[in-house]
Amino acid sequence: GMNGTAIENFVCVIFNVSFMNCTWNVDRTASGDTQYFLYWKNSKKEDFTACRNYITDNRGRHTGCRFENVKIENKRAHFLVNVSRSGQNIQSYEKKIMLYEIEKLTPPLNVTVNCREASHGCDIRWQPPRTSHVKRNACFKYEIVIENK
């Protein structure tokens with residue numbers, strides 16, 4: 001990047017079904033008038049939309065963005081960060097991400113445990129996590145950890 005204006009560790013995470021946070025690290029040597037602007041689109045056909053809810057550091061520089069109502073489609077989303085200094089665009093960073101790969105699932109819902117002393121057995125039931133895009137429950141795999149206390 002141009003003398004300390006590059007961004008590093010660009011990461012996005014989708015959580016709670018439709019929220020997405022994208023964050024990046026700003027080079028420590030970037031001057032105070034350096035600013036970062038994030039744009040993204042969910043598919044090739046769409047136009048880029050600008051971030052409306054920036055996360056900022058203590059010097060007022062954008063270091064991330066919060067998105068709501070994100071739809072995960074089986075498409076590659078395209079992210080673009082424009083870096084400007086004194087209002088002049090000096091460089092940009094691009095990344096393509098498959099959104100379903102960055103989703104943090106909610107825990108399984110309505111977990112119930114019924115144990116019967118007579119049979120020394122327990123019946124554990126739950127429902128799949130909430131998600132915006134998985135249509136088949138067979139796609140989920142579960143792991144149960146039982147600790148004797």
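When reading the values below, keep in mind they use all heavy atoms of this one structure, side chains included, and skip hydrogens, waters and symmetry mates.
- For the pair Ile72 and Ile14, the minimum side-chain heavy-atom distance is below 4.5 Å.
- When the side chains of ILVMFWY residues are joined at heavy-atom separations under 4.5 Å, either directly or via intervening members, Ile97 and Leu105 end up in two distinct hydrophobic clusters.
- Residue pairs meeting the side-chain hydrogen bond (donor to acceptor under 3.5 Å, both in side chains) criterion with at least one member in residues 117-128, sequence neighbours excluded: Asn110-Gln127, Asp123-Arg125.
- Residues Leu99 and Met20 meet the side-chain proximity criterion, which asks for heavy atoms closer than 4.5 Å.
- Within a 6.0 Å radius of CD in Glu101, more than 12 heavy atoms belonging to other residues, nucleotides or ligands are found.
- Taking CZ from Arg76 and NZ from Lys95, the interatomic distance works out to 12.0 Å, rounded to the nearest 0.5 Å.
- Partners of Asn9 under the side-chain contact (heavy atoms from CB on, under 4.5 Å) rule, at least two apart in sequence or in another chain, are Asn25.
- Phe19 belongs to a hydrophobic cluster whose other members, connected by ILVMFWY side-chain contacts under 4.5 Å either directly or through intermediates, are Phe15.
- Asn137 CG to Thr131 OG1: the interatomic distance, rounded to the nearest 0.5 Å, is 10.0 Å.
- For the ring pair (Phe, Tyr, Trp, His ring centres under 6.0 Å) condition, the pairs that include at least one residue of residues 56-99, sequence neighbours left out, are Phe10-Phe79, Phe10-Tyr93, Phe37-His62, Trp40-Phe67, Trp40-Phe79, Phe48-His78, Tyr54-His62.
- Between Cys12 atom SG and Asn21 atom CG the span is 8.5 Å, to the nearest 0.5 Å.
- A 6.0 Å sphere centred on CZ of Arg52 holds no more than 12 heavy atoms belonging to other residues, nucleotides or ligands.
- Here the side chains of Val81 and Ser92 are not in contact, with every heavy-atom distance at 4.5 Å or above.
- Evaluation of the disulfide (SG to SG under 2.5 Å) test over residues 56-95, restricted to residues two or more places apart or in two chains, returns Cys51-Cys65.
- For the atom pair CD (Glu94) and CG (Asn82), the distance works out to 8.5 Å, reported to the nearest 0.5 Å.
- Partners of Arg61 under the side-chain hydrogen bond (donor to acceptor under 3.5 Å, both in side chains) rule, at least two apart in sequence or in another chain, are Asp57.
- For Arg130, the side-chain contact (heavy atoms from CB on, under 4.5 Å) partners two or more places apart in sequence, or in a different chain, are Asn16, Val17, Thr106, Leu109.
- Looking at residues two or more places apart in sequence or on another chain, you find a side-chain contact (heavy atoms from CB on, under 4.5 Å) between Ile55 and Thr23, Thr63, Arg66.
- Within the structure, disulfide (SG to SG under 2.5 Å) pairs that include any residue of residues 89-121 comprise Cys115-Cys122 (at least two apart or interchain).
- Remark: Cys139 engages no residue in a disulfide (SG to SG under 2.5 Å) (not counting sequence neighbours).
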* Would Ile7 and Tyr36 count as a side chain to side chain contact (heavy atoms under 4.5 Å, CB included) if you check the C-alpha gap in whole Å, the side-chain angles of each, and the deciding distance to 0.1 Å? -> CA-CA 9 Å; Ile7 69 169; Tyr36 303 81; 3.3 Å; yes
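- In this structure Glu143 satisfies the side-chain hydrogen bond (donor to acceptor under 3.5 Å, both in side chains) test with no other residue, sequence neighbours excluded.
- Residue Val11 is found in a hydrophobic cluster whose other members, listed by chain and number, are Val13; membership requires side-chain heavy atoms under 4.5 Å apart, directly or through intermediates.
- Contact check for Pro108 versus Phe140: no side-chain heavy atoms found under the 4.5 Å cut-off.
- One distance of note links CD of Gln35 with CG of Asp33; it measures 10.0 Å at 0.5 Å rounding.
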